[in-house]
Amino acid sequence: QVQLVESGGGLVQAGGSLRLSCAASGRTFSSSAMGWFRQAPGKEREFVAAITQSGSVTYYADSVKGRFTISRDNAKNTMYLQMNSLKPEDTAVYCCAHRSGGVNRITVRLATYDYWGQGTQVTVSS
């Protein structure tokens with residue numbers, strides 16, 4: 001029902017910036033909350049940020065608050081994650097996720113997201 005493809009990852013030095021994009025296809029993109037998650041080597045996937053359908057409400061993990069900004073452009077079927085002041089500990093595979101059609105509440109729980117992209121690698125060097 002929803003397909004998600006991330007892009008924009010890469011190698012950046014500490015203190016640098018990257019902008020990740022999540023291109024969505026399907027009929028339900030604009031009807032649901034979405035989020036970004038990341039998984040570092042040897043660690044569990046963790047919540048990064050989430051956004052409601054209209055973009056009116058956002059929520060961030062404490063580890064990225066003040067540095068990352070989540071946004072979405074429903075006309076373009078795209079969600080973004082602007083990542084500033086990157087740190088080596090931000091290194092991870094970043095995945096975008098989409099809740100079920102019509103489900104708009106922000107959540108940090110992985111199991112509450114029904115559609116996932118394959119992820120894009122972000123590597124932050126010292």
Side-chain angles (χ1 to χ4, degrees):
Q1 192 171 12
V2 178
Q3 294 78 45
L4 307 172
V5 180
E6 302 93 340
S7 63
L11 175 64
V12 64
Q13 292 185 336
S17 298
L18 286 173
R19 189 190 191 196
L20 306 184
S21 297
C22 173
S25 61
R27 298 180 63 187
T28 63
F29 175 80
S30 63
S31 67
S32 305
M34 298 182 67
W36 287 96
F37 293 78
R38 67 186 183 186
Q39 186 169 17
K43 297 185 178 180
E44 298 295 319
R45 185 173 294 181
E46 66 176 356
F47 170 80
V48 176
I51 187 168
T52 53
Q53 178 271 331
S54 67
S56 61
V57 180
T58 59
Y59 186 76
Y60 300 90
D62 288 341
S63 59
V64 306
K65 193 175 301 181
R67 300 187 299 120
F68 292 8
T69 302
I70 188 172
S71 62
R72 66 192 294 169
D73 186 340
N74 291 336
K76 297 180 179 179
N77 287 346
T78 303
M79 180 177 65
Y80 305 95
L81 185 67
Q82 179 65 46
M83 310 165 66
N84 298 326
S85 301
L86 284 163
K87 305 174 181 179
E89 50 262 47
D90 294 319
T91 295
V93 174
Y94 285 72
C95 297
C96 62
H98 188 288
R99 301 200 72 187
S100 297
V103 180
N104 194 39
R105 189 181 184 119
I106 283 180
T107 175
V108 304
R109 302 178 181 88
L110 278 69
T112 63
Y113 290 85
D114 296 312
Y115 305 99
W116 294 84
Q118 294 300 309
T120 184
Q121 176 70 46
V122 172
T123 302
V124 184
S125 62
S126 300

K.L.:
Can you name the nearest heavy-atom pair linking I70 to Y60, along with the distance?
P.N.:
N-OH, 2.8 Å

K.L.:
Mark yes or no for whether R67, through its side chain, and S85, through its backbone, hold a donor-acceptor pair below 3.5 Å.
P.N.:
yes

K.L.:
Under 3.5 Å, is there a donor-acceptor pair between the side chain of R99 and the main chain of T112?
P.N.:
yes

K.L.:
Are the side chain of N74 and the backbone of Q53 linked by a donor-acceptor contact shorter than 3.5 Å?
P.N.:
yes

K.L.:
Measure the acute angle between the ring planes of F37 and Y113, then classify it against the limits of 30° and 60° as parallel, tilted or perpendicular.
P.N.:
perpendicular

K.L.:
So, the side chain of Q118 versus the backbone of V5: is there a donor-acceptor pair under 3.5 Å, distance only?
P.N.:
no

K.L.:
Backbone N or O of T69 within a donor-acceptor pair of the Q82 side chain at under 3.5 Å?
P.N.:
no

K.L.:
Would you mind checking if D90 and K87 are paired as a salt bridge, meaning a charged N to carboxylate O distance below 4.0 Å?
P.N.:
no

K.L.:
Whether the side chain of T58 engages the backbone of I51 through a donor-acceptor N/O pair (distance < 3.5 Å, no angle test) should be reported.
P.N.:
no

K.L.:
Is the backbone N or O of K76 less than 3.5 Å from a side-chain atom of T78, with the two atoms forming a donor-acceptor pair by type?
P.N.:
yes

K.L.:
What are the two closest heavy atoms between D73 and Y80, and how far apart are they?
P.N.:
CB-CE1, 4.1 Å

K.L.:
Do the non-hydrogen side-chain atoms of L4 and M34 ever get within less than 4.5 Å of each other?
P.N.:
yes

